[in-house]
Amino acid sequence: MTKSSNLLDLRDLVFDCLLDFFSNNSEAILLSVDMGANRLKLFRKEYPTRFLNVGVSEQNAVSMAAGLSATGFLPFVYGLTPFLVSRARAQLRHDIAIGNRQICIIGSGVGLTYAEDGPSHHSLDDLAILRGLPSFSVNTPICSQNILEAFEQLIEKREGKRSVFIRVDKCGGFENIDKQVEYNESTLGLLRYKSPTPADKCIITSTPSLYHELKAKCGPYCDIAFIYRIDKFSENSILALTSKYIEIDVVDESSYFGGFVSLVKSNCHGNVRRVNVHCLDSTPVQEKWSRDDLRKAYGLVYPPQFDTN
Amino acid sequence: MEKLRFLRQTQRIRKAVLTAVFNSKKGHIGGALSCVDILWALYANGIVDAHPGGPMSSASRPLILSKGHSATALLATLCELELAPCTLLQDYNRNGSLIGSNPSELIIGIELHAGSLGHGIGFASGIALGRKVTGDGRRVTVLVSDGELHEGSSWEGIMFAAHHNLNLTICVDYNNQICEDHLENVVKLESLSNKLNAFGFKTVSLSGHEYEDLKEATSVIDSHSGPTAVVFNTIKGKGVSFMERVTRFHHSIPTEYEYSQAMMELSSD
């Protein structure tokens with residue numbers, strides 16, 4: 001598998017940014033739900049007294065984080081996305097959001113990052129759950145700028161959102177976007193890749209590893225919108241985004257109602273004549289899924305070039 | 001004779017586990033190797049049997065593999081004991097296969113589509129409760145990892161099973177390690193036997209690798225019909241010297257050289 005030369009591992013990028021954040025914010029601490037990562041070893045060496053492996057217990061980790069927040073700390077909890085979202089949802093809602101406390105969750109896994117571990121490890125419906133969580137900004141970064149924006153949100157608490165959820169794919173990410181073709185439209189919560197020629201089609205995704213494949217595949221007259229802030233991607237965002245196109249493709253590793261696909265389908269601008277949907281079925285759950293199937297169905301490069309598994 | 005059979009068969013099971021993971025380049029080795037002997041003892045002595053596969057079906061004496069990521073050990077054990085076809089592991093982690101790192105319930109021997117730790121005891125309690133209600137006294141057995149006892153949901157199931165005096169046996173693969181570290185450095189469980197006793201389970205603590213201890217465990221399980229727990233003291237990565245107690249072999253894939261060395265060790269008398 002080859003990797004683009006200007007891509008770095010996204011998880012490494014997150015932890016690099018976290019190292020910087022920790023150097024400037026002494027109240028920050030990191031709890032891990034027995035999850036590893038390459039850069040985490042460096043992190044633990046750098047901040048041995050500000051890291052704790054709390055064991056295989058997502059619910060307890062979030063409740064404890066709420067308690068730590070109540071005593072003036074800024075807790076980060078790192079684990080697997082589907083377990084943090086599904087298992088600890090009550091704790092996120094009651095202990096953090098309702099209790100008006102603050103947390104940053106770093107969830108490893110977007111869509112089918114952990115495809116071969118089976119449906120217990122698939123993140124197909126977490127966006128729908130996270131969008132409904134009060135006071136959370138929900139981020140799926142593709143570059144350092146997205147990550148830094150997410151961490152800034154912890155300090156700025158814009159729009160009344162005190163807490164942050166960061167979903168991290170196992171693929172390459174950019175240190176810096178190519179400003180000649182990629183535009184950060186933060187008010188809409190998206191990064192737009194503009195084709196060199198005026199486009200009449202836009203492909204929308206929130207899956208980082210798909211974004212790279214789509215850029216490699218999409219020809220002229222086609223833009224790509226990468227949704228990195230799902231909580232900002234509202235009906236108005238969809239109207240604003242889609243007003244310039246006559247055809248929209250939604251390609252995402254989420255289920256129809258579990259992600260943002262249904263939102264797009266029902267809120268496109270009147271100029272759009274066709275909306276094509278390529279997402280995942282929430283059933284059947286008994287079949288093993290690979291990241292390759294959706295790519296094959298959409299005609300993308302197979303196997304994926306930019307994953308860092 | 002029986003002990004010799006145990007030693008030879010468990011060696012072959014370990015080789016099958018390593019081969020499946022090595023060939024597919026995905027999977028969990030350490031925790032699978034630590035529970036091979038336990039699985040052999042449970043199936044070979046008829047404590048549990050394998051269900052035929054398919055939704056809503058259950059074995060007469062089911063084993064719920066709550067630590068689903070060790071399914072290679074279970075499927076290899078079933079193959080070795082001729083309870084399931086040996087072709088199953090050839091599909092391990094192949095695209096379109098039902099046998100991923102946490103296999104489907106449609107596969108023989110898999111009672112619960114696991115993967116999310118901490119669900120097995122509750123699920124097993126539900127089966128045991130249903131059987132109690134219908135007057136079916138047959139035992140339900142669940143194999144859990146020590147790490148998943150960090151999950152609070154495990155203890156909800158334990159309390160419930162004890163309260164209702166269910167015919168449930170919990171086997172703990174107590175290898176004292178989780179993914180990233182040893183238990184004593186994270187959240188220790190000691191004394192696990194005392195904890196389970198206090199929660200109302202008749203508990204014994206035995207070696208999870210010595211033939212005599214495994215025989216004693218099966219005897220304890222067979223002779224007690226209420227909530228029972230066996231804490232099997234095991235070694236993660238058991239059977240391959242350079243994998244034993246080594247953290248990275250929780251889910252690292254061996255190199256070609258490591259694989260060949262491991263297979264050589266497992267082929268020696």
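Note on naming: letters A, B, ... go to the chains in the order of the sequence lines (proteins, then strands), and numbering restarts at 1 for each one.
The shortest heavy-atom contact between Val54(A) and Val186(B) is C-CG1, 3.9 Å. The shortest heavy-atom contact between Arg44(A) and Asp181(B) is NH2-OD2, 4.2 Å. Between Gly115(B) and Phe83(A), the closest heavy-atom pair is O-CZ, 3.6 Å.
Proximity to chain A is limited to the side chain of His28(B), based on heavy atoms less than 4.5 angstrom apart. Residue Asn60(A) does not touch chain B at all, counting heavy-atom pairs closer than 4.5 Å.
Here the straight-line distance linking atom OG of Ser290(A) with atom CG of Asn93(B) works out to 10.5 Å at 0.5 Å rounding. The structure places CD of Glu116(A) at 10.5 Å from CG of Asn102(B), a figure rounded to the nearest 0.5 Å.
Contacts with chain B were tallied for Pro82(A), Ser57(A), Ser32(A); Ser57(A) has the most, counting heavy-atom pairs under 4.5 Å. Across Leu40(A), Asn53(A), Leu80(A), the residue that shares the most heavy-atom pairs under 4.5 angstrom with chain B is Asn53(A). Here Gly147(B) is the residue among Ser24(B), Gly27(B), Gly147(B) with the most heavy-atom pairs under 4.5 Å with chain A. If you tally non-hydrogen atom pairs under 4.5 Å between each of Leu183(B), Asn185(B), Ile178(B) and chain A, the highest count goes to Ile178(B).
The closest side-chain heavy-atom distance from His119(B) to Arg87(A) is below 4.5 Å.
Heavy atoms of other residues, nucleotides or ligands lying less than 6.0 angstrom from NE2 of His163(B) number 12 at most. Shown here is Phe73(A), whose CZ atom has no more than 12 heavy atoms of other residues, nucleotides or ligands within 6.0 Å. Counted within 6.0 Å of NZ on Lys45(A), heavy atoms from surrounding residues, nucleotides or ligands total 12 or fewer; the atom is thus considered open. When the shell of 6.0 Å around CZ of Arg245(B) is examined, it contains 12 or fewer heavy atoms from other residues, nucleotides or ligands.
Asp34(A) places a side-chain N or O within 3.5 Å of a backbone atom of Glu180(B) that can act as its donor or acceptor partner.
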Quick one, His121(A) with Ser101(B), criterion side-chain contact (heavy atoms from CB on, under 4.5 Å). Give me CA distance, side-chain angles, the key distance, then yes/no. CA-CA 10 Å; His121(A) 286 58; Ser101(B) 291; over 6 Å; no

